[in-house]
Amino acid sequence: MSIREERKTEPVEEYYTWTGKARGWLLKHLPADKLLPQDQPSYVASWIYVFGMGAIVSLVFIVVSGVVLSLNGPAWYHVSDFGHFVNSVHLWSVELFFMTMVVHLWGKYWMAAWRGGRTLTWITGMGAFLVSIVAAFTGYLLQTNFDSQWIAFEGKDALNASGIGAWFNVANLGQIFGFHIVLLPLAVGAVVALHVILVRMHGVVPPIDAAETDAQLSGTDRTEATR
Amino acid sequence: MSAPTMSRSDRDGLARRPWRGTVREYDLFKELTVALVVVGLVIVGLSAIVGSPDEPSVTLKSWAQAQPADFVATATAELGGTSETAGYGPPYNTTADATQTIGAFDLQSFSGVQLPIDTAQDLVITPLTTLNAPPSAALDAWNAGSDTEKADWTAAYTDALTNAPDGDPAQVATGDYGPVPVLTDALLTMASQGALDGVLNAQESFYNSDYTRTILFLGDGAYFGDLATAAHLTGDQWGMMNETGNTPGQSWLWLFSFWYQIEPFASAPNADLLVVLLMLVLSVLLTLVPFIPGLRDIPRWIPIHRLIWRDYYKKRAAGRS
């Protein structure tokens with residue numbers, strides 16, 4: 001067999017272990033150009049697209065300020081000016097996180113962004129929203145001030161009526177601390193990470209009723225691209 | 001529309017395959033960096049200018065000093081087992097018919113009494129025994145009293161406090177209150193001096209991070225709730241989504257809070273259970289929107305997507321003309 005012939009028949013890599021099969025699946029579904037793209041379809045041109053990134057960046061500020069607060073303990077910000085500032089950063093990061101996330105969510109609803117096999121992307125997005133609400137609630141309980149006292153007293157009724165008040169005891173600071181700085185951040189981080197990976201895997205959903213006959217889609221007017 | 005007869009699966013097929021049309025440059029890391037800077041500036045700016053509220057917490061000490069009459073009335077209710085906590089049911093106690101139910105659906109009872117609280121013993125009697133000079137005679141009299149006697153003493157003293165000017169314990173009419181006035185007065189003194197906070201929170205241990213008993217005791221009085229009402233934090237004031245002062249609170253709980261403002265929820269004895277279940281159903285519906293005919297079609301019927309992708313539709317119209 002000549003060298004040229006050998007090149008023609010170069011065997012496709014075979015995946016025969018769990019690790020190899022996982023690598024094969026990832027390379028197929030999430031190749032580097034999908035994970036870190038340099039271009040996007042031309043329809044990805046709207047202010048609505050910045051809100052997802054806004055939510056992710058807000059989450060970064062939430063985590064960083066939250067780590068500083070947790071390293072100093074929940075009572076630190078009452079007695080430290082810098083601590084109070086970090087607490088303010090934490091609060092406003094959360095406010096922006098929810099604001100951008102809600103705009104992102106409703107934007108995606110009106111785009112029917114679950115089309116084309118993106119159902120799990122929508123579900124994980126909703127999951128991130130719902131878990132974040134619980135995480136934020138536990139944060140309000142950790143303020144160790146009048147507001148958190150009242151939220152604990154008022155909030156217990158809904159949880160007790162649901163039968164989970166003993167295991168999610170809003171007046172038990174130690175329990176809530178564990179939920180807020182470990183379990184729920186891990187849950188939010190995991191769901192958001194999965195959501196972002198799914199967005200990259202499936203790409204940004206095309207406009208509703210985009211048709212094969214569209215010039216933008218058929219590629220006949222690629223020169224209009226802004227790259 | 002290019003193909004009105006096209007089925008949903010055909011149209012989604014286009015959304016399923018990789019995009020082969022025109023593209024535009026997109027720099028993920030550049031967008032991330034710009035977003036970090038812009039959002040960071042907004043957050044730091046708001047933090048520096050608006051800051052965050054920090055209304056000091058209420059203590060049993062501050063309550064006893066600010067409104068001793070309310071404190072004594074509440075302590076009497078704890079002794080007599082007539083406070084909100086005493087009649088709460090699971091997870092604190094076994095009070096009959098106290099749970100929120102929908103017919104036979106009773107999640108609150110299903111959880112059982114996981115955090116047992118005997119209000120008379122845990123909130124009044126046991127704390128008093130920790131004093132250097134406990135009111136021993138009154139404690140002995142209370143412990144020796146029958147359930148009927150205890151109920152009669154506390155009921156009579158509750159009535160006397162209600163009829164006294166400003167509920168002042170010093171001005172109650174004479175009557176058969178047993179040891180109750182001595183016990184509640186001793187507890188008031190203990191709380192005013194700051195000892196009760198430590199005893200209730202510590203629960204005979206050095207470490208504690210569980211404030212259940214103190215929060216419940218505070219909530220049984222009028223003082224705590226009045227402060228919350230003044231701060232617009234109660235449930236009928238959309239308090240679930242409010243924060244002290246003018247800072248935005250958990251505004252994302254607006255829908256959860258909304259149901260408590262309207263009937264039939266506002267006056268329902270099982271409002272919490274109803275609202276929780278309703279929100280659970282609504283959350284599941286929104287999560288499963290892609291599978292629900294009608295809900296998933298609304299974006300096609302109300303063409304807000306025409307605004308979002310207006311450049312795409314404009315170019316398409318120009319290309320066809």
Side-chain angles (χ1 to χ4, degrees), chain A residues 39-43 45-46 48 53 57-58 61 87-89 91-93 95 98 110-112 114-117 119 122-123 126 130 133 145-147 149-150 152-153 157-158 160-163 165-166 171-174 205-211 213-217 219 222 224-227, chain B residues 1-3 12 14-16 19-26 28 31 35-36 39 43 46-47 51-52 54-58 91 100 107-108 110-111 114-115 209-212 215 219 228 233 235 243-244 248 250 252 272-273 276 283 286-287 290 299-300 304-305 308-309 311-312 315-316 319:
Chain A
D39 53 39
Q40 285 291 290
S42 56
Y43 57 78
S46 168
I48 202 69
M53 181 62 87
V57 167
S58 300
F61 283 98
N87 182 68
S88 301
V89 169
L91 168 73
W92 286 108
S93 307
E95 295 288 343
F98 274 97
W110 291 111
M111 295 155 84
W114 50 78
R115 289 173 291 126
T119 305
W122 171 267
I123 290 174
M126 272 302 299
L130 296 174
I133 287 175
N145 60 13
F146 177 74
D147 196 38
Q149 281 181 305
W150 180 255
F153 177 71
D157 297 331
N160 287 334
S162 310
N172 188 333
L173 193 72
V205 72
I208 292 175
D209 295 330
T213 52
D214 292 352
Q216 298 163 84
L217 192 65
R222 282 188 76 87
E224 288 184 11
T226 57
R227 60 188 302 179
Chain B
M1 187 180 294
S2 60
D12 281 2
L14 193 148
R16 241 171 239 284
W19 178 254
R20 292 195 291 266
T22 56
V23 295
R24 61 190 295 268
E25 184 179 300
Y26 174 70
L28 187 63
E31 184 181 308
L36 276 169
V39 172
I43 289 171
L46 286 167
S47 303
S52 56
D54 189 17
E55 191 76 24
S57 50
V58 177
Q100 296 192 29
L107 290 173
Q108 192 171 346
F110 186 71
S111 78
Q114 302 294 331
L115 308 168
S209 59
D210 183 0
Y211 296 86
T212 306
I215 292 277
L233 294 178
E243 167 66 278
T244 51
Q250 300 179 81
W252 42 91
D272 293 302
L273 184 59
V276 165
S283 299
L286 191 55
T287 303
R300 292 179 185 276
I304 292 175
H305 61 272
I308 294 171
W309 285 305
D311 284 351
Y312 179 88
K315 283 179 188 172
R316 183 165 76 169

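Order of the sequence lines fixes the chain letters, A, B, ..., with proteins taken first and strands second; residue numbering starts at 1 for each chain.
Counting heavy-atom pairs closer than 4.5 Å to chain A, the top residue among B:V39, B:L273, B:T287 is B:T287. Listed options A:D147, A:L173, A:V205, A:I48 were ranked by heavy-atom pairs under 4.5 angstrom with chain B; first place goes to A:D147. The greatest number of non-hydrogen atom pairs below 4.5 Å with chain A, out of B:I215, B:L115, B:D54, is found for B:D54. Options A:S58, A:P207, A:S93 differ in how many heavy-atom pairs under 4.5 Å they form with chain B, and the most are formed by A:P207.
Within the 4.5 angstrom heavy-atom criterion, only backbone atoms of B:P56 (N, CA, C, O) approach chain A. Proximity to chain B (any heavy atom under 4.5 Å) is restricted, for A:L91, to the side chain, taken from C-beta onward. Contact of B:V276 with chain A is made through the side chain alone, with heavy-atom distances under 4.5 Å. Of the two parts of A:W150, the backbone and the side chain both hold a non-hydrogen atom closer than 4.5 Å to a non-hydrogen atom of chain B. The part of A:F61 that comes within reach of chain B is its side chain, from C-beta onward, which places non-hydrogen atoms under 4.5 angstrom from that chain. For B:I308, the parts lying near chain A are the backbone and the side chain together; criterion is any non-hydrogen pair under 4.5 Å. Heavy atoms closer than 4.5 Å to chain B are found in both the backbone and the side chain of A:I123. Interface residue B:Y211: backbone and side-chain heavy atoms are both found under 4.5 Å from chain A.
Once rounded to the nearest 0.5 Å, the distance linking CH2 of B:W252 with CG of A:L130 reads 14.0 Å. With rounding to the nearest 0.5 Å, the separation of OG in A:S162 from CG in B:L107 is 6.5 Å. Between the CD atom of B:E31 and the CD atom of A:Q40 there is a distance of 9.0 Å, given to the nearest 0.5 Å. Between atom CD of residue B:Q114 and atom CG of residue A:N160 there is a gap of 11.0 Å, rounded to the nearest 0.5 Å. For the atom pair A:I133 CD1 and B:Q250 CD, the distance stands at 9.0 Å (nearest 0.5 Å). Interatomic distance, OH of B:Y312 versus OG of A:S42, reported as 7.5 Å (0.5 Å rounding).
When all heavy atoms of A:A171 and B:D210 are compared, the closest pair comes out as O-OD1, 3.7 Å. Of all non-hydrogen atoms in B:R316 and A:D209, the two that sit nearest each other are NH1-O, 2.9 Å. Across A:P206 and B:W309, no two heavy atoms sit closer than the pair O-CH2, 3.7 Å.
Residues B:H305 and A:I208 are in side-chain contact: their nearest non-hydrogen atoms beyond the backbone lie under 4.5 Å apart. Put simply, the side chain of A:F98 does not reach to within 4.5 Å of the side chain of B:P248, judged on heavy atoms. Looking only at side-chain heavy atoms (C-beta outward), A:P41 and B:T22 stay at 4.5 Å or farther from each other. A:M53 has its side chain within reach of B:L28: a pair of non-hydrogen atoms, C-beta onward, lies under 4.5 Å apart.
B:S57 and A:N145 form no side-chain donor-acceptor contact under 3.5 Å, judged by distance and modelled atom types alone. Side-chain N/O atoms of B:S52 and A:S88 include a donor and acceptor closer than 3.5 Å.
Remark: the backbone N or O of B:L286 is paired with a side-chain donor or acceptor of A:W122 at under 3.5 angstrom. Checked by atom type and distance alone, the side chain of A:Q149 pairs as donor or acceptor with a backbone atom of B:V58 at under 3.5 Å.
The ring-ring contact (aromatic ring centres under 6.0 Å, His included) check on A:W92 picks up nothing, with sequence neighbours excluded.
A perpendicular orientation is assigned to the rings of A:Y43 and B:W19, their planes being inclined by more than 60° (bins at 30° and 60°).
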